[in-house]
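First comes the structure, then the notes that go with it.
Note that this is a predicted model, so its numbers are computed, not measured. Each ligand, and each atom within it, is numbered from 1 in the order the structure gives.
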Amino acid sequence: MVSSIESSVGIERKVVTELPGPKSQALHERRKAVVSAGLTVGFPVYIERAEGAILVDVDGNQLLDLGSGIAVTSIGHAVPALVDAVSQQVASFTHTCFMVTPYESYVEVCEELADLTPGSHAKTSALFNSGAEAVENAVKVARLATGRSAIIVFEHAYHGRTNLTMALTAKNMPYKDHFGPFAPEVYRVPMSYPYRDGLSGAEAAANAIKIIETDVGAENVAALLIEPIQGEGGFVVPAEGFLPALSKWTTDHGVVFIADEIQTGFCRTGDWFAVDHEGVVPDIVTTAKGLAGGMPLAAVTGRAELMNAVHEGGLGGTYGGNPVAAVAALATIKTLRDRNLLGRAREIGDILLANLRSLQQDVAIIGEVRGRGAMVAIELIEPGTKTPNAVAAKAIITYCQQHGVVALPCGTYGNVIRLLPPLIISDEQLADGLGVLGDAVRSVQ
Ligand SMILES: *Cc1c(COP(=O)(O)O)cnc(C)c1O
């Protein structure tokens, strides 16, 4: 059966068993014998197929996907353009290793990245398999190009789970606990978090810069690495002016500004990249998640003079920029453009923010509604305080799951619920999901 976005409009949320259903429960039992317990599952329903914004599980339940596999399937599931491109590529060849014998689609992806990422300067890219790998390589390039070693990161940051990226990530549990020792020369400074620090962007930037200059010294800093809107850390949107002030400071001090756009990139926030919102032009941008519609692909894109400072053979990997993933990225980018999903992300943002702000008026446990485009969250608190309320967040997510809606938690304190719907979601599906979420919030209130 050929799936299509058009036909998915007819597919709606439908719960036909308890959730998880009996077949999912059996699979989950089977899994316990052979899958490491270190991988937790947020919602143990086993998926058989998916279409548009709907996941169909092995028990025949139709779940509304408000997570997009963590901001990955932004163009929706089983999009014909992507299915066709990937199928044809698999039939032609699946792998040569770009460093052994190259192919055109890799070059084409790098052309798109040079074109789409902020700034009109000459840019080159290198492709990898995962977000963490891209971040590691961005740090390698920045250190080599500057001859310096210190990396500045932020509170609540998330950059991955490999050894270097664990050091760059803020939160101990579950990401870092007992996995050390960690890579050295990583320095953490406060993030602008308007709901909790009450500072303007300029004040928060001045505060961070003062710490960098006194504790590290600008002349030792290779790169400042920041998520323009934090993802796992709680969808923290820095106050206006914070990113431009940091960007200016890096330029003034020969520091490489790396924007980690792995979660925010590719139209998610209503711009191609979240830094575009304030006209910030990073020296290096890391991308992954939304780039290739679910195929594993990540990229480091930066000023040509930085990226090309690397000696021959200094960057690479067996699978990076795999031809199947590369054509998936080209089909994804074309779909984002052809369907104007950037505009759609803005519309989704307007709907989400208006709906959730009105819900906030009715209840006492939503401290803040924040986000941009199709990247919006509610931060839950104990009524009348700003004390994080992780218990409420968990109960709300469980309610959503039991009613066939996939929503994800996040936040350093586990008290934030984030919405990352696929950008092709219909108004009706969005209203349906928001209805369930509203009922869930009222039920724990
Ligand atoms: C998910 C994420 C990463 C890590 O990507 P993986 O593909 O899981 O390694 C890095 N940075 C940000 C901002 C992310 O959201």
Side-chain angles (χ1 to χ4, degrees), residues 38-42 67-74 117 126-140 142 151-171 174-176 179 183 186 188 191 193 223-238 243 257-269 271-275 280 282 284-301 317 319-322 325 328-329 332 371-377 408-412 416 418-420:
L39 291 131
T40 34
V41 175
S68 303
I70 318 185
V72 171
T73 50
S74 294
T117 53
L127 305 183
F128 302 96
N129 305 296
S130 69
E133 204 187 349
V135 172
E136 293 240 359
N137 279 280
V139 169
K140 279 164 67 173
I151 307 296
I152 305 299
V153 290
F154 290 80
E155 286 174 0
H156 312 289
Y158 181 84
H159 298 291
R161 294 170 177 269
T162 56
N163 186 267
L164 173 59
T165 59
M166 275 193 293
L168 302 169
T169 289
K171 191 176 176 178
Y175 306 123
K176 302 164 71 164
F179 289 144
V186 173
R188 194 170 308 284
M191 176 69 179
Y193 192 160
L224 179 147
L225 167 65
I226 189 163
E227 299 157 87
I229 296 177
Q230 290 182 321
E232 309 302 302
F235 278 29
V236 178
V237 185
L243 294 172
F257 186 103
I258 306 174
D260 182 348
E261 292 260 8
I262 288 169
Q263 193 153 153
T264 47
F266 291 96
C267 301
R268 176 52 57 185
T269 64
D271 286 290
W272 275 95
F273 297 93
V275 287
V280 168
I284 293 179
V285 180
T286 55
T287 52
K289 294 192 166 95
L291 164 62
M295 295 302 291
L297 189 70
V300 181
T301 303
Y319 293 115
N322 169 277
T332 300
R372 207 154 66 225
M375 182 169 182
V376 169
L408 309 172
C410 65
T412 299
V416 180
R418 56 174 153 174
L419 302 178
L420 291 162

Ligand 1 contacted by Gly131 (non-hydrogen, < 4.0 Å): yes
Contact summary for [X] and [Y], nearest pair of heavy atoms:
{"X": "Lys289", "Y": "Ala71", "value": "CB-O, 3.6 Å"}
{"X": "Ala134", "Y": "Phe128", "value": "CA-CD1, 4.2 Å"}
{"X": "Gly265", "Y": "Phe273", "value": "CA-CD2, 3.9 Å"}
{"X": "Thr169", "Y": "Arg188", "value": "O-NH2, 2.9 Å"}

Part of Ser130 with heavy atoms under 4.0 Å of ligand 1, whether side chain, backbone, both or neither: both
Sub-4.0 Å protein heavy atom near atom 8 (O) of ligand 1: no
[X] heavy atoms, cut-off 4.0 Å: which ligand 1 atoms fall inside?
{"X": "Ala132", "value": "4 (C), 5 (O), 6 (P), 9 (O)"}
{"X": "Glu227", "value": "13 (C)"}
{"X": "Asp260", "value": "10 (C), 11 (N), 12 (C), 13 (C)"}

Distance from atom 15 (O) of ligand 1 to nearest protein heavy atom, with residue and atom: Lys289 NZ, 2.7 Å
Polar atom proximity, Glu133 to ligand 1 (N or O, under 3.5 Å): no
Side chain to side chain donor-acceptor pair (under 3.5 Å) between Glu136 and Thr162, intermediate numbers included: CA-CA 9 Å; Glu136 293 240 359; Thr162 56; 2.7 Å; yes
Ion pair check, Glu232 and Arg418, cut-off under 4.0 Å: yes
